[in-house]
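See structure below.
Predicted, not measured: the structure shown is a model, and the values here were computed from it. Numbers here simply count residues along the sequence, with the first being 1.
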Amino acid sequence: QEHYGGLNGLTITWIGDGNNVLHSIMMSAAKLGMHLHIATPKGFEPDLRITEITEQYSKEYGTKLLLTTDPLEAADSANVLVTDTWISMGQEEEKKERLKAFQGYQVTMQTAKSAASNWTFLHCLPRKPEEVDDEVFYSPRSLVFQEAENRKWTI
């Protein structure tokens, strides 16, 4: 909101694990007027109950919801590209399996070519290079440090 001046009509794209951070976005995006595109590997989709609620919210608020396994399809026309850790606390033993499943999900400038001309990037940190490459993470399009500062003020 701070960057774009408003949220209504923006498309936010999540590329990665169907985790708690995604669940929070799913529960709020439509209410804020944002379209939501989600790309997760098979087997790593968001919770079905959350997905059903999100579909309902999307219909109620007139926003679009896309669920796919294709990161480039999800990134199409996105204003905001978002990812998070692929290996959360308690999943360390699954690291090898998860890294294999998430091949092709790294956010790169190639991913961003599908996005809107005014795209930005978010990640709630800490970031691993397999999730987003340095070119995107340290680019002027990356708002990760502003995101971290904003989060600091809520604590």
Side-chain angles (χ1 to χ4, degrees), residues 1-41 44-47 50-51 53-54 57-58 61-92 95 98-99 102-155:
Q1 181 168 333
E2 187 176 322
H3 180 80
Y4 290 101
L7 300 175
N8 194 44
L10 293 178
T11 298
I12 185 166
T13 293
W14 177 272
I15 299 173
D17 191 20
N19 64 19
N20 62 322
V21 176
L22 173 59
H23 291 155
S24 293
I25 292 170
M26 291 172 74
M27 297 303 292
S28 60
K31 291 179 181 180
L32 298 169
M34 295 188 297
H35 308 293
L36 180 57
H37 296 179
I38 300 169
T40 58
F44 297 90
E45 297 90 353
D47 182 284
I50 302 291
T51 300
I53 293 168
T54 302
Y57 286 163
S58 188
Y61 291 94
T63 61
K64 294 178 188 144
L65 174 65
L66 170 70
L67 297 160
T68 182
T69 58
D70 182 349
L72 293 180
E73 180 184 11
D76 186 43
S77 302
N79 304 103
V80 185
L81 301 172
V82 187
T83 194
D84 185 24
T85 186
W86 297 343
I87 303 156
S88 295
M89 290 185 299
Q91 298 174 330
E92 293 83 4
K95 182 176 182 175
R98 284 177 162 273
L99 289 178
F102 284 89
Q103 284 181 351
Y105 283 78
Q106 182 190 47
V107 178
T108 65
M109 287 297 184
Q110 184 65 34
T111 314
K113 282 183 182 178
S114 300
S117 61
N118 66 345
W119 70 272
T120 55
F121 174 75
L122 296 174
H123 190 301
C124 63
L125 305 178
R127 159 266 189 174
K128 305 281 189 309
E130 62 265 14
E131 299 155 1
V132 55
D133 71 6
D134 285 350
E135 190 175 10
V136 170
F137 187 79
Y138 292 109
S139 79
R141 305 288 189 126
S142 177
L143 302 178
V144 296
F145 298 112
Q146 294 94 320
E147 177 184 8
E149 180 190 12
N150 287 342
R151 198 169 46 254
K152 179 181 109 173
W153 296 109
T154 66
I155 296 173

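- Scored by the ring-ring contact (aromatic ring centres under 6.0 Å, His included) test, Phe44 finds Phe102 as partners (sequence neighbours excluded).
- Not one N or O on the side chain of Thr13 forms a donor-acceptor pair closer than 3.5 Å with the backbone of Leu81.
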Practice problem: For side-chain contact (heavy atoms from CB on, under 4.5 Å), just list the numbers for Met26 and Thr51, CA-CA rounded to whole Å, side-chain angles, deciding distance to a tenth of an Å, and then say yes or no. | Solution: CA-CA 8 Å; Met26 291 172 74; Thr51 300; 3.6 Å; yes
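- Contact detail for Pro71 and Ala39: the closest heavy-atom pair is CA-CB, 3.7 Å.
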Practice problem: Report the C-alpha distance between Thr11 and Ser77 in whole Å, list the side-chain angles of each, state the deciding distance to 0.1 Å, and finish with yes or no for side-chain contact (heavy atoms from CB on, under 4.5 Å). | Solution: CA-CA 7 Å; Thr11 298; Ser77 302; 5.6 Å; no
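- Checking side-chain atoms of Gln106 against main-chain N and O of Pro129 turns up a donor-acceptor pair under 3.5 Å.
- Between Glu45 and Leu67 the shortest side-chain heavy-atom distance does not fall below 4.5 Å.
- If you take CG on Asp47 and CD1 on Ile53, they are separated by 8.5 Å, rounding to the nearest 0.5 Å.
- With Arg151 contributing its side chain and Cys124 its backbone, the two residues share a donor-acceptor pair below 3.5 Å.
- Annotation: the span from Asn19 atom CG to Trp14 atom CH2 amounts to 4.5 Å, rounded to 0.5 Å.
- If you take CD1 on Ile25 and CG on Leu32, they are separated by 11.0 Å, rounding to the nearest 0.5 Å.
- Side chains of Val136 and Trp119 form a contact here, defined as non-hydrogen atoms less than 4.5 Å apart.
- Among all heavy-atom pairs drawn from Ala115 and Ala78, the shortest one is CB-O, 3.4 Å.
- Put simply, the side chain of Tyr105 never gets that close to the backbone of Thr83: no donor and acceptor are under 3.5 Å apart.
- Across every non-hydrogen atom of Leu66 and Ala74, the tightest pair is CD2-CA, 4.1 Å.
- Note that CG of Asp76 is 7.0 Å distant from NE2 of His37, once rounded to the nearest 0.5 Å.
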Practice problem: Decide yes or no on side-chain contact (heavy atoms from CB on, under 4.5 Å) for Trp86 and Lys128, but give the supporting numbers first. | Solution: CA-CA 9 Å; Trp86 297 343; Lys128 305 281 189 309; over 6 Å; no
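- Phe121 and His123 have tilted rings, their planes meeting at an angle from 30° to 60° on a 0 to 90° scale.
- Going from atom NE2 of His35 over to atom CG of Leu10 covers 8.5 Å, rounded to the nearest 0.5 Å.
- Between the NZ atom in Lys31 and the OH atom in Tyr57 there is a gap of 3.5 Å [rounded to 0.5 Å].
- Nearest heavy atom pair, residue Tyr4 against residue Asn79, reads OH-O, 2.6 Å.
- More than 12 heavy-atom neighbours from other residues, nucleotides or ligands sit within 6.0 angstrom of CD on Glu92.
- The heavy-atom pair separating Gly16 from Thr40 by the smallest distance is O-CG2, 2.9 Å.
- Residues meeting the side chain to side chain donor-acceptor pair (under 3.5 Å) test with Ser142, sequence neighbours left out: none.
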Exercise. Take Arg98 and Asp17 through the test side-chain contact (heavy atoms from CB on, under 4.5 Å) and record every step on the way to the result.
Key: CA-CA 9 Å; Arg98 284 177 162 273; Asp17 191 20; 3.2 Å; yes
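- Applying the side-chain hydrogen bond (donor to acceptor under 3.5 Å, both in side chains) test between Arg127 and each of Asp134, Asp84, Thr85 identifies Asp134 as the sole match.
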